[in-house]
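The structure appears right after this line, and notes come after that.
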Amino acid sequence: MCRHLTKKSGRKVLVSDNHTAPLARLENEGAFRASSQQIAQEASIIFLSLPSGDVVREVLTSEQGILPLLSPGQIIVDLSTSSVESTRKIAGQLKDKGIKFADAPVMRTRAAAESGTLAIPVGASDDVYAHISRYLGCFASDIKHAGNIGAGQIVKILNNMVLYETVLALSEAHAIGKRAGVDPQVLFEAFADGSADSFALRNHGMGAILPQHFPEAAFPVYYARKDVGYAMDLATQMGIDATGARNLVSTFDRAIEAGHGDRYAPAISLIFEEK
C-alpha cells in the first residue's frame, strides 16, 4: 500500500515501522524513513496500518502516543481493523484537538494490496472523505463512503464475519466429503459450477483448504478471530444473537488451542482433518 502511495500520490511520503526490512524496500521506492514523532509533526495526512485496535490506541492516545504532537487540521486515516466502539472513542479524542479522522479498513487479499486493487469502506465526514479518497485510490480500486465514523469498521468486520463463516462451511464440507469418499478436488470444482460458488471457495477453498497450504506469513487465525470477535461485540450491542458468528469464534478458539493460531486463517479446516 505504501509503495503505491509513494509512486502515485505525487506527495512526499514518510514511513515508520518496527521492522527495518520493509523500510529499506520503501526507501528504494522513493519513500523517506522517519520516526513516528517526525511523521506526527510533519505529515498533513497520517495513514495507520496496525495489527489491532489496541495498537491503534497505543500509537495515538497512550502516554507514549503521538496525540500531543498532532496539530489542528491534520487527518488520521486508520487502515487497520478495530472495534467500532474504540474507533469512535479515538475519533472523539482527536476531534477535541481539531484533528480529523477516518476509519478506512482494507478488504481483499495480500495479492490485491500488491496490485493496488484493495476494497475500502470508509467511515468519515463528507469533507474528509472527499479529501482522502484520491489517496486511497492509489492502492484501492473500489472505495465506498460507508457513512460517518465507525461505518467503515462495521462494513469490514461484518465482511470478515460472512467470509469466514463461509470458510468454516467449506472446511466442514471438505472433511465430510473426503470421509464419505468424494475427491475434494471434484467436490470444490462442483461447488464452483453450482450455487455454492464464492470468493471464499475460489481463494480460501481452492487456494488453501484443498492443498492444505496454510503459511504463517499470511493473514493468521489470530487476526481473523480478532475481527470476528469485534463483530460479535457489535452484535451483542445491537441485541442480535449471531449464532453463526458465535460458532465461528468457537472454531477459531479450537484452532488456536490446537496450535494453528499463527497459520493462514483457513487453517481452521485442520481441526476437522485431525480427528
Side-chain angles (χ1 to χ4, degrees), residues 51-52 81 105-115 117-119 121 142 154-236 238-275:
S52 70
T81 305
V106 298
M107 302 193 300
R108 293 186 179 147
T109 61
R110 174 179 295 208
E114 291 282 354
S115 64
T117 57
L118 291 165
D142 295 278
I154 293 170
V155 172
K156 169 61 186 289
I157 62 180
L158 293 180
N159 174 86
N160 279 17
M161 181 187 79
V162 172
L163 170 64
Y164 284 103
E165 285 188 36
T166 308
V167 171
L168 174 55
L170 290 168
S171 299
E172 293 173 339
H174 179 272
I176 296 167
K178 183 178 179 181
R179 292 191 192 184
V182 174
D183 182 339
Q185 179 80 35
V186 173
L187 180 69
F188 279 10
E189 288 178 356
F191 285 177
D193 292 335
S195 54
D197 191 19
S198 67
F199 175 93
L201 171 66
R202 294 179 179 273
N203 288 272
H204 299 77
M206 294 181 170
I209 296 172
L210 198 59
Q212 296 285 278
H213 179 61
F214 312 107
E216 293 193 356
F219 188 79
V221 171
Y222 282 121
Y223 281 13
R225 198 267 183 232
K226 167 188 66 73
D227 290 1
V228 179
Y230 289 151
M232 281 295 299
D233 291 343
L234 182 62
T236 299
M238 298 299 106
I240 301 296
D241 182 15
T243 55
R246 186 167 61 247
N247 183 46
L248 176 58
V249 168
S250 175
T251 304
F252 282 134
D253 288 341
R254 289 166 59 196
I256 291 168
E257 290 170 6
H260 305 308
D262 290 322
R263 305 183 75 176
Y264 185 36
I268 58 174
S269 70
L270 290 173
I271 66 173
F272 304 103
E273 304 296 331
E274 293 168 350
K275 288 184 178 181

- Query: If you take all heavy atoms of F252 and V221, which pair is closest and at what distance?
  - Reply: CD2-CG1, 3.8 Å
- To the nearest 0.5 Å, what is the distance between CG (L248) and CE (M161)? 9.0 Å
- Check the pair F199 / T109 against side chain to side chain contact (heavy atoms under 4.5 Å, CB included), numbers first and verdict last. CA-CA 11 Å; F199 175 93; T109 61; 3.7 Å; yes
- Task: For the residue pair L187 and F191, establish whether any side-chain heavy-atom pair is separated by less than 4.5 Å.
- Result: yes
- Under 3.5 Å, is there a donor-acceptor pair between the K156 and T81 side chains? yes
- Item | Spacing of CZ belonging to F272 relative to CZ belonging to R254, to within rounding of 0.5 Å | 5.5 Å
- Item | Check: R246 main-chain N/O paired with S250 side-chain donor or acceptor under 3.5 Å | no
- Item | Interatomic distance, I256 atom CD1 to I271 atom CD1 [nearest 0.5 angstrom] | 10.5 Å
- Parallel, tilted or perpendicular: which fits the ring planes of F219 and Y164, with parallel below 30° and perpendicular above 60°? parallel
- Message: To the closest 0.5 Å, what do you measure between OG (S269) and CZ (R263)?
- Response: 9.0 Å
- Less than 4.5 Å apart, any side-chain heavy atom of M107 and any of N160? no
- Rounding to 0.5 Å, atoms NE2 (H260) and CG (L270) come to a distance of 4.5 Å
- Task: Return the minimal non-hydrogen interatomic distance between S52 and K226, and the atom names on each side.
- Result: CB-CD, 3.6 Å
- Message: Within the 4.5 Å heavy-atom criterion, are Y264 and H213 side-chain neighbours or not?
- Response: no
- Of the non-hydrogen atoms in A192 and L201, which two are nearest, and what is the gap between them? N-CD2, 3.4 Å
- Item | Shortest non-hydrogen contact from S171 toward P266 | OG-O, 4.4 Å
- Query: Less than 4.5 Å apart, any side-chain heavy atom of Q212 and any of I209?
  - Reply: yes
- Item | Heavy-atom check, side chain of Y222 versus side chain of P51, under 4.5 Å | no
- Message: Give me the atom names and distance for the closest heavy-atom approach of A245 to M232.
- Response: CB-SD, 3.4 Å
- Rounding to 0.5 Å, atoms CG (L168) and OG1 (T251) come to a distance of 4.5 Å
- In short, I268 meets A255 closest at the heavy-atom pair CG2-CB, 4.0 Å
- Min side-chain heavy-atom separation N159-D227 under 4.5 Å: no
